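Below is one structure, written out as structure tokens, with a few remarks after it.
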There are 2 protein chains.
Amino acid sequence: MEEHRHVTIYDIAKRLNLATSTISRALKDHHTISDKTIKKVKKTAEEMGFVPNTLAAGLRGNKSKTIGVLIPTITQPFLSSLISGIEITARKSDYSVIIMQSHDSYEEEVNMTKSLYSSRVSGVICSLAMETKDTSHFQQFSNNNIPLVFVDRVPKDFNTFRVVIDNYTAGYKATKHLIEQGCKRIAHMTAGAEFGNLYNERKRGYIDALADYGLPLREELIINLKAMTYDAGVKACNKLFGLKSPPDGLFAPGDILAVSAVQTAKKKGIKVPQDFAVIGFNNDPISEIIEPNITTITHPAEKMGKAAANIVIDTIEFHKEEEAKEITFLNTEVLVRESSKKV
Amino acid sequence: MEEHRHVTIYDIAKRLNLATSTISRALKDHHTISDKTIKKVKKTAEEMGFVPNTLAAGLRGNKSKTIGVLIPTITQPFLSSLISGIEITARKSDYSVIIMQSHDSYEEEVNMTKSLYSSRVSGVICSLAMETKDTSHFQQFSNNNIPLVFVDRVPKDFNTFRVVIDNYTAGYKATKHLIEQGCKRIAHMTAGAEFGNLYNERKRGYIDALADYGLPLREELIINLKAMTYDAGVKACNKLFGLKSPPDGLFAPGDILAVSAVQTAKKKGIKVPQDFAVIGFNNDPISEIIEPNITTITHPAEKMGKAAANIVIDTIEFHKEEEAKEITFLNTEVLVRESSKKV
DNA sequence: TTTCTTTACACAATCGGTTGCAATTTATTT
DNA sequence: AAATAAATTGCAACCGATTGTGTAAAGAAA
């Protein structure tokens, strides 16, 4: 298998006896090039198997038509859908997508921002690592006019674009739904505590809903988890069911936790939803397959990805740098299924 | 927010009164540069906030330290784990990962190979689109010495690296397991028909296992699906259960199908595994959460990703182009859980 | 016919590292 | 001390597309 050299615009220029500048312009339908020449150039390029070298173009223009995506992990339904949305939108405008997983490590995240900057990505979309408190490693993007969009897990104090759902309202709606189903003692799982934290916002919604509907807030019904895993959920449920007056409902801020709750309840002979109504969060695939299937809060992952990618691309293409760095709120809804349907 | 210019090796060179070549070499510990100079250069680079421009390096060297990953979709547990494995391994060697989703479209796949080639990716890892028959669009990589690795869904007639599991053996083992559990009428779902097709291989294993254990092959128990979805599975199951002599076991070549079967059976009052034993494929997260949890064939997604990435990187770094383009077989196992445990 | 516009294309610098080779300095040998 | 070897660093071309500026040719206006 012989080694071909890449065909360049120089090769085309030589063949047609034209300047490389003419080739370059002809290939992108520049108005100063005659139709005749354009046609000729394109035909020859095709024949010679010319494929533009985006590295060269990127170097010259100091941009790469690449969007860097930095997220905790991709093996999570919400995040893989998010990426999918980003990728679909990016491709439409001929952008590539580079992904990196921080695995929720601050240190990794810092390194990866360097790496992305080094690749001269045109824009960055990020969902923060759990560990991350300080976000100054993202400053390099803002400082260099590289659009930066945070999605879902966003910092509280960084002046840039954000694409999120209204976690407070979602938490409120979820809790309200359980109350409307007749629940009196609603448990809640949460994580972290910092103000602005996504789980904390959901918790605030939970607390306010209880208050608005005249239900007492019972600290023993709120469990703080270190990890949002199935096993952590089981453990938490066992604790809840061991209470002298156990809960009759649960707002879990993740479907995996809701699943663990439903299954733990079933094993204990506690009937779902009659004795214990459960609402999850995210609308992960599993939530509609498990039995009983799980009432959940929709979390428009793919849409959020598309929105984020559009912001990046529009900012680049239409030079919107001057505009305010706004927050985009996407809508969420209560998706009622069996696990909570008491009435 | 003022616009900074990127710091380059020229800036460092000027500051230290050295040549750019010296800076370039010092930064990568070239042996012809003295330790003193190396230290000085690195320190200054750090101070000045130098970040190398990988585009420039890539242009010069005609490679980008980037691996292109072309897969049907990323929102599928197996594939997102695959990517995760690729990304983890790539990063260790300082490679970036560009992902593209063909959505099982041949046309998209062709476009994306062009796009990847255009980005001068250092290597390509691909799982073919369902639609793809002709793979000549991958020739451009082979022709230009860009390592190409097919994973899982691989072409039968392309001389390049492949990372797969032995689908025939896996199908055989799955079927054998059901036979050992006492199943006599084992159904099977499949898709496609071409020789070498992954599902066809599993089916061959199924057929041979039946033969080896003296069970008759009944055509009515083999269902050919167009899509491997939950709904298609339900439909197929209803058909199976409607037979005058319905199956007492099912080998489903995907966990989603297995889940659909288990749930459809339960709804019909058919006891799993007593009356109907089920084995799935992939060991998707859902298989161990659903009740009864599902016996499955492990499919080492992340490992396959790591293996593929290692092949790409080793081929590049150690110039292994001359070596035989071998097939890497990863191991699979029967993971026995409740859905099949009759004995 | 001459001058002013357009139209169409060419020249050459540029982006920022990389690398072969030449040149200079320093160390070692005779 | 002279000569040779070894260690450092500099010079300049190079990768390939882009783009501001200049120029020649063709058409329009005077």
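A, B, ... follow the sequence lines: proteins, then strands. Residue 1 opens every chain. A quick note: this is a predicted structure, and the numbers were derived from the prediction, not measured.
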| task | Indicate, with a heavy-atom threshold strictly under 4.0 Å, whether B:K28 touches base, sugar-phosphate, or nothing. | result | sugar-phosphate

| With a 4.0 Å cut-off on heavy atoms, is A:N17 in touch with a base, just the backbone sugar-phosphate, or nothing at all? | sugar-phosphate

| How do B:P52 and A:I33 order along DNA chain C: which one's closest nucleotide is nearer the 5' end? | A:I33

| field | A:K39 NZ to C:dC9 C1', straight-line distance once rounded to whole Å | value | 18 Å

| query | How close or far is atom P of C:dG17 from atom CZ of A:R120, stated in whole angstroms? | reply | 7 Å

| said: Side chain of B:A56, heavy atoms from C-beta onward: which of C:dG17, D:dG16, C:dC9 has the nearest atom to it? | reply: C:dG17

| said: Using a strict threshold of under 4.0 Å (side-chain N to carboxylate O), is an ion pair present between B:K306 and B:E302? | reply: yes

| message | Rounded to whole Å, how long is the line connecting atom NZ of B:K14 with atom P of D:dG10? | response | 15 Å

| query | Under 4.0 Å: is that the gap between some side-chain N or O of A:T22 and OP1 or OP2 of C:dA10? | reply | yes

| Distance check: side-chain N/O of A:S34 vs OP1/OP2 of C:dT7, anything under 4.0 Å? | no

| message | Assess, by modelled atom type and distance only, whether the side chains of A:T32 and A:H30 contain a donor and an acceptor separated by less than 3.5 Å. | response | yes

| message | If the cut-off is 4.0 Å, is A:T8 near the phosphate of D:dC15, judged by side-chain N/O to OP1 or OP2? | response | no

| Separation of D:dT9 C1' from B:D35 CG (nearest whole Å) | 15 Å

| field | Position toward the 5' end of DNA chain D (nearest nucleotide), A:Y10 or B:S21 | value | B:S21

| query | Of the nucleotides C:dC9, D:dT19, C:dG17, which has the atom closest to the A:L18 side chain? | reply | C:dC9

| NA contact type, B:T54, heavy-atom cut-off 4.0 Å: base, sugar-phosphate, or nothing? | nothing

| request: Return the value, rounded to whole Å, for the distance between atom CG of B:L16 and atom P of D:dT8. | output: 17 Å

| query | OP1, OP2 of C:dT18 versus side-chain N and O of B:S24: anything below 4.0 Å? | reply | yes

| task | Check every strand shown and say whether B:N53 touches a base, only sugar-phosphate, or nothing at a heavy-atom separation below 4.0 Å. | result | sugar-phosphate

| query | Side chains of B:S21 and B:S24: is there a donor and an acceptor less than 3.5 Å apart? | reply | no

| task | Answer with base, sugar-phosphate or nothing: what part of the nucleic acid does A:T32 contact at a heavy-atom distance below 4.0 Å? | result | base

| task | May I ask you to say what B:I23 touches in the nucleic acid, namely base, sugar-phosphate or nothing, with a heavy-atom cut-off under 4.0 Å? | result | nothing

| field | Distance-only donor-acceptor test, B:R25 side-chain atoms vs D:dG10 base atoms, 3.5 Å | value | yes

| remark: Sorted by position of nearest nucleotide on DNA chain D, 5' first, the leading residue of B:L59 and B:T20 is B:T20

| field | Donor-acceptor under 3.5 Å (A:T73 side chain, A:H103 main chain) | value | no

| query | Under the 3.5 angstrom rule, does the side chain of B:E108 hit a backbone N or O of B:S102 as a donor-acceptor pair? | reply | no

| said: How many whole angstroms separate atom CG of B:N144 from atom P of D:dG16? | reply: 12 Å

| B:L27 CG - C:dT18 P separation (whole Å) | 8 Å

| Interatomic distance, B:H30 NE2 vs D:dT9 P [rounded to whole Å] | 12 Å

| query | Just checking, A:R120 and A:Y117: is the charged tip under 6.0 Å from the six-membered ring centre and within 45° of the axis? | reply | yes

